[in-house]
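A short write-up of the structure that comes next.
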Amino acid sequence: MNILENPKDIEKVLQKEFVMIIAKSHTCTACRTILDMMKRSVPNLDQIEIYNIYVDDHDEFRGKHLIFSVPTVLIFSDGKELLRESRYINYDKITRLIDLYKN
């Protein structure tokens, strides 16, 4: 699992063709298990690059992308946000988007 730490790396990753960012906090217990839950609930998860970012270390990212709660799952394509799920994650939406994009 890739953890984004450098602001320049964050901007490069957001420009990729199809990428998922999981915004977490160091103190969030739900954030620790979100990826395991997604692996069980999203059958096509291996078709998208996944990165973690700890928003407590990146206030600018948190503000720019309006992240008010964690965990927040963001899917980007070429710098544009395609999907945002916060706190209560709808795994079916994520599955459908990956299916649409990869087929």
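FYI, the numbering just counts along the sequence from 1.
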Separation between [atom1] of [X] and [atom2] of [Y], rounded to the nearest 0.5 Å:
{"X": "Leu97", "Y": "Glu85", "atom1": "CG", "atom2": "CD", "result": "10.0 Å"}
{"X": "Leu100", "Y": "Thr95", "atom1": "CG", "atom2": "OG1", "result": "11.0 Å"}
{"X": "Ile22", "Y": "Asn2", "atom1": "CD1", "atom2": "CG", "result": "11.0 Å"}
{"X": "Asp56", "Y": "Lys24", "atom1": "CG", "atom2": "NZ", "result": "11.5 Å"}
{"X": "Arg40", "Y": "Asp36", "atom1": "CZ", "atom2": "CG", "result": "6.0 Å"}
{"X": "Ile48", "Y": "Ile94", "atom1": "CD1", "atom2": "CD1", "result": "8.5 Å"}

**Report entry** Criterion side-chain contact (heavy atoms from CB on, under 4.5 Å) on Leu74 and Glu81, from CA distance to verdict
**Finding:** CA-CA 7 Å; Leu74 302 162; Glu81 184 179 312; 3.9 Å; yes
Does [X] reach the side chain of [Y], with side-chain heavy atoms less than 4.5 Å apart?
{"X": "Lys93", "Y": "Leu83", "answer": "yes"}
{"X": "His26", "Y": "Asp57", "answer": "yes"}
{"X": "Leu45", "Y": "Met20", "answer": "yes"}
{"X": "Ile53", "Y": "His58", "answer": "yes"}

Taking distance alone, no hydrogens or angles, what donor-acceptor pairs closer than 3.5 Å link side-chain atoms of residues 8-18 to residues at least two apart or in another chain?
residue: Lys16; atom: NZ; partner: Glu49; partner atom: OE1; Å: 2.8
residue: Lys16; atom: NZ; partner: Tyr51; partner atom: OH; Å: 2.8

Report task. Could you tell me which non-hydrogen atom of Ala23 sits nearest to which non-hydrogen atom of Val70, and how far apart they are? Result -> O-CG1, 3.7 Å
**Report entry** Closest heavy-atom pair and its distance - Cys31, Ser25
**Finding:** SG-N, 3.8 Å
Query raised in the report: Who pairs with Ser86 by side-chain contact (heavy atoms from CB on, under 4.5 Å), at least two apart in sequence or on another chain?
Result: Ser69, Thr72, Arg84
Query - side-chain contact (heavy atoms from CB on, under 4.5 Å) against Ser77, all qualifying residues, sequence neighbours excluded - result: Leu82, Tyr101
